[in-house]
Protein chains: 2
Amino acid sequence: MTTDTKNLNTESEILNAAKRIFQLKGMDGARMQEIADEANINKSLLHYYYRSKQLLFEAVFKSAFSLLAPQLNSVLNDDSPLFDKIRNFTNNYISFVVKHPYLPNFIIQELNKNPEFVKNLLAERHFPNIEKFSSQVDEQIAEGVIKPIKPTQLLINIIALNLFPFMAAPLLKGLLKVDDTTYRQLMEDRKTEVADFIINAIKL
Amino acid sequence: MTTDTKNLNTESEILNAAKRIFQLKGMDGARMQEIADEANINKSLLHYYYRSKQLLFEAVFKSAFSLLAPQLNSVLNDDSPLFDKIRNFTNNYISFVVKHPYLPNFIIQELNKNPEFVKNLLAERHFPNIEKFSSQVDEQIAEGVIKPIKPTQLLINIIALNLFPFMAAPLLKGLLKVDDTTYRQLMEDRKTEVADFIINAIKL
DNA sequence: GTCTATAGCCAGATAGAC
DNA sequence: GTCTATCTGGCTATAGAC
């Protein structure tokens, strides 16, 4: 194994371990030792590769956001008709979150603690842009296909209906008194039901 | 001022300060010194009244949940017709969260870190019960007033549409590129628009 | 690049005077 | 009940050997 390979392996092992721990416990709750254990490496290597906990955290956060952003973009910048877009997004997004259950919560939580992070994200090349979505909604209203609704409100609703059930899973499981298997099935059903709900709400 | 009065004042000052700090920074991010400063008292008094950070946190968490629970109950256990219930809940709930903007996030976040807390909450006297809501939805479906929908899914949707925009405020502000004033106005508009959205989605 | 050992700091908690 | 002073442990970070 070459030195370069070791480099890449160790560095990405650290990043992957850090993702798991940070997303589970947050910046404040995570421990460098815990990340080292998760990556099966020595704690001082974390500092060798990423200098500080803060910088390691920022690497994780950026990586997490750049995984979520394309998901949002798929609703926003896509040429398909509005209803198809809503169906595809709901279906794809829920599949995505089932694979990364802690990711949306992590991003939203850390953005709440550091709202100034948003400024950095806005500058990123692939930050989602809502203009296309907005004009598409406005066109469909003008054409009499859907009821009048502010595109921003519709977008908030779409994101809320898809994200929230995963972020609030423990609370909702308790409230609905269902076990993990039943809850997973509810989420599976939402892949189509959420899109139906939204389309029924707006179609004329 | 009697000793008793001082007791009550100090103890409740601590609890109020702890609410503000814990809800803002979470269990891990909060510092006992910070809470003491916020309450304008000596740090060791925190331990005198609440023994440990953990116990103080639990007092705050219980108090926060017992503020949120009645809000949820108002959708669930109320005799008004379903559509009125949805309108009232949306209107009241958004007003409530405007006053306590960090509360839902705090509860959901800490429940995610400690899912076993839910067990304790379930045992509480005033834990929300969904049975009345469920049978009401099923009746309305049977009477042909609304489209078929699982009551659990409808409840998830109602809560999601009302809670999420506050939990994800920093992300949504960035995504929609709006300032605080505009965002507050969007939330104000949602007091009626969310109810319309939900009712349109389900009514036949 | 990877390890051990440790510096240096900070937070929660307690002892004890008043 | 409230204060000051201090203990104790744990955590980030670094120094330095290999």
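Convention: sequence-line order gives letters A, B, ...; per-chain numbering from 1. Note that these values count all heavy atoms, side chains included, but never hydrogens, waters or copies made by symmetry.
With distances taken from any side-chain atom of Lys53(A) to the nucleotides dC3(C), dT14(D), dT12(D), the minimum falls on dT12(D). Closest to the Tyr49(A) side chain, of the nucleotides dT2(C), dA13(D), dC3(D), is dT2(C). Considering only side-chain atoms of Ser44(B), the nucleotide from dA13(C), dT12(D), dC3(D) that sits closest is dC3(D). You'll find that the side chain of Leu45(A) is closest to dC3(C), out of dA13(D), dG12(C), dC3(C). Taking the side chain of Tyr48(B) as heavy atoms from C-beta on, and the options dT2(D), dT2(C), dT12(D), the nearest nucleotide is dT2(D).
Take Thr182(B) and apply the side-chain contact (heavy atoms from CB on, under 4.5 Å) test, not counting sequence neighbours, and it matches Val178(B), Asp179(B).
Comparing Lys43(B) and Asn40(B) by the nucleotide of DNA chain D that holds the closest heavy atom to each, the one mapping nearer the 5' end is Asn40(B). Nearer to the 5' terminus of DNA chain D, by closest-nucleotide assignment, is the contact made by Ile41(B) (compared with the other of Ile41(B) and Met32(A)).
Aromatic rings from Phe61(A) and Phe117(A) are positioned such that their centres are separated by under 6.0 Å. Between Phe89(A) and Tyr93(A), a ring centre-to-centre spacing shorter than 6.0 Å is recorded.
Note: CD (Gln33(A)) to P (dT14(D)) measures 17 Å, nearest angstrom. Between Asp28(A) atom CG and dC10(C) atom C1' the separation is 14 Å, expressed in whole Å. In this entry the distance linking CD1 of Ile35(A) with P of dA13(D) reads 11 Å, nearest Å. Summarising the geometry, the separation between CD on Glu13(A) and P on dT2(C) is reported as 11 Å, rounded to the nearest angstrom. Remark: C1' of dT6(C) and CG of Asn42(A) are 13 Å apart, rounded to the nearest angstrom. Nucleotide dG12(C) holds its P atom 12 Å from the CG atom of Asp37(B), rounded to whole Å. Put simply, CG on Leu46(B) is 11 Å from P on dC3(D), counting in whole angstrom units. In this structure, the CD1 atom of Ile21(A) is 16 Å from the C1' atom of dC11(D), given to the nearest Å.
Shown are Asn73(A), Asp78(A), Asp79(A); of these, the side chain to side chain donor-acceptor pair (under 3.5 Å) with Lys132(A) is made only by Asp79(A).
The side chain of His47(A) places an N or O atom within less than 4.0 Å of a non-bridging phosphate oxygen (OP1 or OP2) of dA13(D).
When heavy atoms are screened at a 4.0 angstrom cut-off, Ala30(B) is found touching the sugar-phosphate backbone but no base atom.
Side-chain atoms of Lys191(A) and Thr90(A) include no donor-acceptor pair closer than 3.5 Å.
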